Amino acid sequence: MSANRRSGRPLPRAFYDRDTLAVARDLLGTLLVCRSAEGVAAGVIVETEAYIGETDPACHAASGLTRRNAPLYGDPGLAYVYFTYGMHCLLNAVAERRGFPAAVLVRALEPVEGEALMRRRRGRPSLPAHELCRGPGNLARALGITLADNGTDLTRAPARGPGLWIEDRGIEITDVAWSPRIGIRVGLDRAWRCFATGSRSVSGRRTG
DNA sequence: CGTTCGATGCACT
DNA sequence: GTGCATCGAACGT
């Protein structure tokens, strides 16, 4: 990955209003930022997964609209956060046009800001930086993302106060691979996981 | 290195 | 009552 260029520029809604696989690919290298009363925690996205439509058996919309998956049917650029396994919150960015249920799961970050805060939240003081946000449950915990963030507009960066958004920092990730998605029992025929091959923060296997 | 397994709570059927 | 888009500890090789 290359050096920084810009800062403070949230990705516009048009970025998310596209084919979900393109969104999953292009989110690599962008910066996920979470600001709370405790401070700012942020990292470069290095691993994503696409969940696309009611015909994707692994997508939460596979059985149609429910109260839980309603955000998937909403505007692109919104956050879809859900609770699973009794203890983890997972963050998605809603993609494609309103009414078509699709999203990109953010699975791993390389920490850029707030490592001390991340360590405190993870409760593991000696964790190396590249493990702080490895895995979707871990990164949500490290950034302080909860169900309260469900439905947040990721295209808006408040000037102050709490906020959750994704920025373009001009980082280019060129070495990318695709693999089947992790942790699901259906839809394994689709290679819809996208990750930076060179990053130690990527969960699971680092080869496609 | 690898695999297995328990924790834990909620939406959905 | 069932099944998780997970994690980390425990154990086997």
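Convention: sequence-line order gives letters A, B, ...; per-chain numbering from 1. As the structure is a computational prediction, the values presented were derived from the model and not from experiment.
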(message) If we count only N and O atoms by modelled type, under 3.5 Å, do the side chains of Thr20(A) and Glu96(A) hold a donor and an acceptor together?
(response) yes
Distances for protein N or O near nucleotides 10-13 of chain C N or O, under 3.5 Å:
none

(message) Tell me the closest heavy-atom pair linking Arg35(A) and Gly161(A), and the distance in Å.
(response) NE-O, 2.6 Å
(request) May I ask you to say what Ile184(A) touches in the nucleic acid, namely base, sugar-phosphate or nothing, with a heavy-atom cut-off under 4.0 Å? (result) sugar-phosphate
(request) Using the side-chain contact (heavy atoms from CB on, under 4.5 Å) rule, pick out the option among Leu154(A), Leu27(A), Asp168(A) that qualifies with Phe15(A). (result) Leu27(A)
(message) If you go through the side-chain atoms of His88(A), does one of them form a donor-acceptor pair with the base of dA5(C) closer than 3.5 Å?
(response) no
(request) May I ask you to verify if any side-chain N or O of Arg185(A) is less than 4.0 angstrom from the OP1 or OP2 atom of dT6(C)? (result) no
(request) Give me the first and last nucleotide of DNA chain B, going 5' to 3', that has any atom under 4.0 Å from a heavy atom of chain A. (result) dG2(B) to dC12(B)
(message) Looking at every non-hydrogen atom in both residues, tell me the closest pair between Phe100(A) and Gly53(A) and how far apart they are.
(response) CZ-CA, 3.8 Å
(request) Using only side-chain N and O atoms of Arg141(A), determine if any of them is under 4.0 Å from OP1 or OP2 of dC7(C). (result) no
(request) Classify the nucleic acid contact of Asn138(A) as base, sugar-phosphate or nothing, counting any heavy atom under 4.0 Å across all strands shown. (result) sugar-phosphate
(message) Is it the case that the side chains of Arg193(A) and Ser179(A) hold a donor-acceptor pair, with the cut-off being a distance below 3.5 Å and no angle test?
(response) yes
(message) Output the rounded distance in Å from CZ (Arg193(A)) to C1' (dT6(C)).
(response) 14 Å
(request) Using atom CG of Leu90(A) as one end and atom P of dG3(C) as the other, report the distance to the nearest whole Å. (result) 20 Å
(request) Give the rounded distance in Å between these two atoms: OH of Tyr51(A) and P of dA5(C). (result) 8 Å
(message) Output the rounded distance in Å from NE2 (His60(A)) to C1' (dT6(C)).
(response) 12 Å
(request) Starting at atom CG of Leu91(A), determine the distance to atom P of dT6(C), rounded to an integer number of angstrom. (result) 14 Å
(request) If dA5(C) has a Watson-Crick or G-U wobble mate with both distances under 3.5 Å, name it; if not, just say none. (result) none
(request) Answer with base, sugar-phosphate or nothing: what part of the nucleic acid does Gly86(A) contact at a heavy-atom distance below 4.0 Å? (result) base
(message) Let's test this: given Watson-Crick or G-U wobble pairing with both distances under 3.5 Å, identify the partner of dT8(B).
(response) none
(request) Tell me which of Met87(A) and Leu147(A) sits closer to the 5' end of DNA chain B, going by the nucleotide each one is nearest to. (result) Met87(A)
(request) Please list residues of residues 68-84 of chain A whose heavy atoms come under 4.0 Å from any atom in DNA chain C, ordered by number; otherwise none. (result) Tyr82(A), Thr84(A)
(request) Quick one: do His60(A) and Tyr82(A) satisfy ring-ring contact (aromatic ring centres under 6.0 Å, His included)? Show the steps, please. (result) CA-CA 10 Å; His60(A) 282 181; Tyr82(A) 68 93; 4.4 Å; yes
(message) Looking at dC7(C), I'd like to know if its phosphate oxygens (OP1 or OP2) sit under 4.0 Å from a side-chain N or O belonging to Arg122(A).
(response) no
(request) Check the distance between dA5(C)'s C1' and Phe195(A)'s CZ and give it to me in whole angstrom. (result) 17 Å
